[in-house]
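What you are looking at is a predicted structure, and each value in this text was computed from that prediction instead of being measured. Just so it is clear, the values below take in all heavy atoms, side chains as well, and ignore hydrogens, waters and symmetry mates.
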Amino acid sequence: MHLPEHFLIGAATAAHQVEGNNTNCDFWAQEQLPHSSFLEPSGIACDHYNRYEEDIQLLADAGLKAYRFSVEWARIEPEEGRFDDAEIAHYERVIDCCLAHGIEPVLTLFHFTSPVWLIKKGGWEAESTVEYFRRYASYVIERLGAKLHTVCTINEANMGLQLAAISKRYQLMAERMAKMQAAQPAAENAKSAEGKVQVGMNFQKMMENAKYAAMENAQIFGTPQPHVFVSPKTPEGDLLGMRAHQAAKAAIKALYPDMKVGLTLSLHDLQALPGGESFVETNWAEEFTHYLPYLEGDDFLGVQNYTRTLYGPEGQLPAPEGAELTQMDYEFYPEGLEHVIRKVHEGFSGDLIVTENGIATADDSRRVEFIRRALEGVSRCLADGIPVRGYFYWSLMDNFEWQKGYSMQFGLVAVDRETMERTPKESLRFLGSFSR
Ligand code: BGC
């Protein structure tokens, strides 16, 4: 397998999923609600906030060359306009630790979690968020930019529309089920709806909790339906994310014109069986193409893929009979990454970075196989001249998979939930073996 000399092989994490005690953010607040849809609260997470040196050491020892992680807005600006220097100093130490180990830090400014105050002000549907995000991005890069080359503004900026489509579908199914008074298959339907979003959500629980959760949310955020980043978005909210990205990009470029700036998108490998072509076309336009005007001039695009989605004449289909499923109930389909890279390259001619690709499984030999096949796909893309600059496996360690809590094992490193002890898996060594 051929990967070029400067190709970045790395692993990714996100602040809220690994750091622990991220108490000023919206997710933390929602995890504590009496009618929370989270299986469990994030709590101490992986205590990465205190153990980042050990974690970066593990990454370096395995030969990985890059670490993608996020800085937490709710720590850095816990109250509107009050920026916390001590938190920036923390992230500077994380970057310094990477550099001391020869690891390239790839920084994400925003990975799903917002300060509670931002959500109180209307969150990701409010016009003011564009300026708030610009100001935050500018502060972070002014302080950290000298040590960085690559910055992702917003992680999976297309998540809100995907969730809007799923909750609509789910609502329709629930209504149909209610009519049929068939309680039993409801859970199955919930499962198949969840399988269509590339992130850990519990739709069944959300529906059940909706009434009480609305009251509890109102107490915290001043509105029963707070617009957190992963809430289903309106078309305006969807584009607000794009404008926040553009504003942040301009602020970063004003400080460091050579900084590589881009955002990341959650991209399914959409495949049509005969009769399913129009579904693929519509969904690809929604998931990818309609964002292109907002990405013009970006230095790179972060590609995040976990599986494929099949469509037939009636719409979305379940995974084929007998297909191997991951813990997330996704089809085991590492070839999806190559397909998505090729499709993205047709619309976006700049550099691509695989900012996330991975599998939740208790069987690490399946992870090794997944990585091997995914990287073979990447190397075929490179051979065809597609400018893929790096591959970041999701995730460096088993961590907090959002509403699904700690039930998913995406990691290259296992974390003992009692002792926080780290145990590298074979897949970590395997991924490192591709680094040069
Ligand atoms: C997100 C991660 C998440 C991963 C696995 C991506 O959508 O960026 O935060 O843990 O998928 O579901």
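- The side-chain heavy atoms of W28 and V116, taken from C-beta on, include no pair separated by under 4.5 Å.
- Side-chain atoms of S231 come within 3.5 Å of backbone atoms of P226 as a donor-acceptor pair (strictly under, hydrogens ignored).
- At distances below 3.5 Å, at least one donor-acceptor pair connects side-chain atoms of R367 with backbone N or O atoms of Q409.
- Taking the side-chain hydrogen bond (donor to acceptor under 3.5 Å, both in side chains) definition, one finds that N24 meets it with nothing, sequence neighbours left out.
- A ring-centre distance under 6.0 Å is found for W124 and F110.
- Evaluation of the ring pair (Phe, Tyr, Trp, His ring centres under 6.0 Å) rule for Y212 yields H35 as partners, not counting sequence neighbours.
- Annotation for W402 and T113: closest pair CZ3-CG2, 4.0 Å, computed over non-hydrogen atoms.
- For the pair Y306 (side chain) and L337 (backbone), a donor-acceptor distance under 3.5 Å is absent.
- The aromatic ring centroids of Y132 and W117 lie less than 6.0 Å from each other.
- N399 places a side-chain N or O within donor-acceptor distance of the main-chain N or O of M397, the cut-off being under 3.5 Å.
- Under the 3.5 Å distance criterion, with hydrogens and angles disregarded, no donor-acceptor pair is assigned to the side chains of N202 and S37.
- Not a single donor-acceptor pair under 3.5 Å links the side chain of K121 to the backbone N or O of A126.
- Remark: the T234 side chain and the E125 side chain contain an N/O donor-acceptor pair separated by less than 3.5 Å.
- Evaluation of the side-chain hydrogen bond (donor to acceptor under 3.5 Å, both in side chains) rule for K120 yields no partner, not counting sequence neighbours.
- Across all their heavy atoms, H245 and Y294 have their closest contact at CD2-O, 4.0 Å.
- Sparse packing is recorded around CD of E281, with 12 or fewer heavy atoms of other residues, nucleotides or ligands lying under 6.0 Å away.
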>> Let's go through E19 and T13 carefully: what are the C-alpha distance in whole Å and the side-chain angles of both, what is the deciding distance for side-chain contact (heavy atoms from CB on, under 4.5 Å) to 0.1 Å, and is it a yes or a no?
In response: CA-CA 9 Å; E19 285 182 349; T13 63; over 6 Å; no

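- Heavy-atom minimum distance, I359 versus Y393: O-OH, 3.1 Å.
- Residue I103 comes nearest to Y67 through the heavy atom pair CG2-N, 3.5 Å, listed as atom of the first residue, atom of the second, then distance.
- With sequence neighbours left out, the ring pair (Phe, Tyr, Trp, His ring centres under 6.0 Å) criterion links Y91 to no other residue.
- In this structure, a donor-acceptor pair under 3.5 Å is present between the side chains of H16 and E31.
- Ring geometry for F370 against F332 counts as perpendicular: the plane angle is over 60°, on a 0 to 90° scale with 30° as the lower cut.
- Panel note: side chain H290, backbone E286; a donor-acceptor pair is recorded below 3.5 Å.
- Between the side chain of D298 and the main chain of G262, no donor-acceptor pair closer than 3.5 Å is present.
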> So V18 and L396, side-chain contact (heavy atoms from CB on, under 4.5 Å) or not? Walk me through it.
Replying inline: CA-CA 10 Å; V18 294; L396 174 60; over 6 Å; no

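- Counting only N and O atoms by type, the side chains of N283 and H268 include no donor and acceptor under 3.5 Å apart.
- In this structure A14 satisfies the side-chain contact (heavy atoms from CB on, under 4.5 Å) test together with Q17, S70, H111, W394, sequence neighbours excluded.
- Counting only residues at least two apart or in different chains, salt bridge (charged side-chain N to carboxylate O under 4.0 Å, His left out) contacts with residues 408-423 comprise D55-R422.
- Side-chain atoms of T23 and N21 form no donor-acceptor pair, as typed in the model, at a separation below 3.5 Å.
- Taking every heavy atom of both residues into account, F229 and A157 meet most closely at CZ-CA, 4.0 Å.
- The list of salt bridge (charged side-chain N to carboxylate O under 4.0 Å, His left out) pairs with a residue in residues 130-140, not counting sequence neighbours, reads E77-R135, E131-R134.
- T326 pairs by the side-chain hydrogen bond (donor to acceptor under 3.5 Å, both in side chains) definition with nothing, not counting sequence neighbours.
- The local environment of NZ in K260 is sparse, with at most 12 non-hydrogen atoms from other residues, nucleotides or ligands closer than 6.0 Å.
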> Taking it one step at a time, do F348 and Y291 satisfy side-chain contact (heavy atoms from CB on, under 4.5 Å)?
Replying inline: CA-CA 10 Å; F348 182 88; Y291 294 116; over 6 Å; no

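- The aromatic rings of F133 and Y136 are tilted relative to each other, their planes meeting at an angle between 30° and 60°.
- Listed for the N357 side chain is a donor-acceptor partner under 3.5 Å among the backbone atoms of N305.
- Formation of a donor-acceptor pair under 3.5 Å by the E53 side chain with backbone atoms of C97 is not found in this model.
- Applying the ring pair (Phe, Tyr, Trp, His ring centres under 6.0 Å) criterion to Y311, with sequence neighbours excluded, gives no partner residue.
- With rounding to the nearest 0.5 angstrom, the CD1 atom of I154 is 13.0 Å from the CE atom of M159.
- With respect to R68 and E356, a salt bridge is recorded, a charged nitrogen being found less than 4.0 Å from a carboxylate O.
- Among residues two or more places apart in sequence or in another chain, the side-chain hydrogen bond (donor to acceptor under 3.5 Å, both in side chains) test is passed with D84 by none.
- Side-chain contact annotation: Y49 with E72, donor-acceptor N/O pair under 3.5 Å absent.
- Judged as a ring pair (Phe, Tyr, Trp, His ring centres under 6.0 Å), and not counting sequence neighbours, the contacts of Y139 are F83.
- For residues 224-242, the set of pairs meeting the salt bridge (charged side-chain N to carboxylate O under 4.0 Å, His left out) definition, not counting sequence neighbours, is empty.
- The two atoms that bring A319 and E331 nearest to each other are CB-CB, 4.1 Å, heavy atoms only.
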>> With side-chain contact (heavy atoms from CB on, under 4.5 Å) as the criterion, how do Q271 and Y333 come out once you've worked through the C-alpha distance, each side chain's angles and the decisive distance to 0.1 Å?
In response: CA-CA 12 Å; Q271 296 185 10; Y333 195 76; 3.0 Å; yes

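- Between D85 and R143, at least one side-chain nitrogen of the basic residue sits less than 4.0 Å from a carboxylate oxygen of the acidic one, meeting the salt-bridge criterion.
- No donor-acceptor pair under 3.5 Å is formed between the side chain of S36 and the backbone N or O of Q32.
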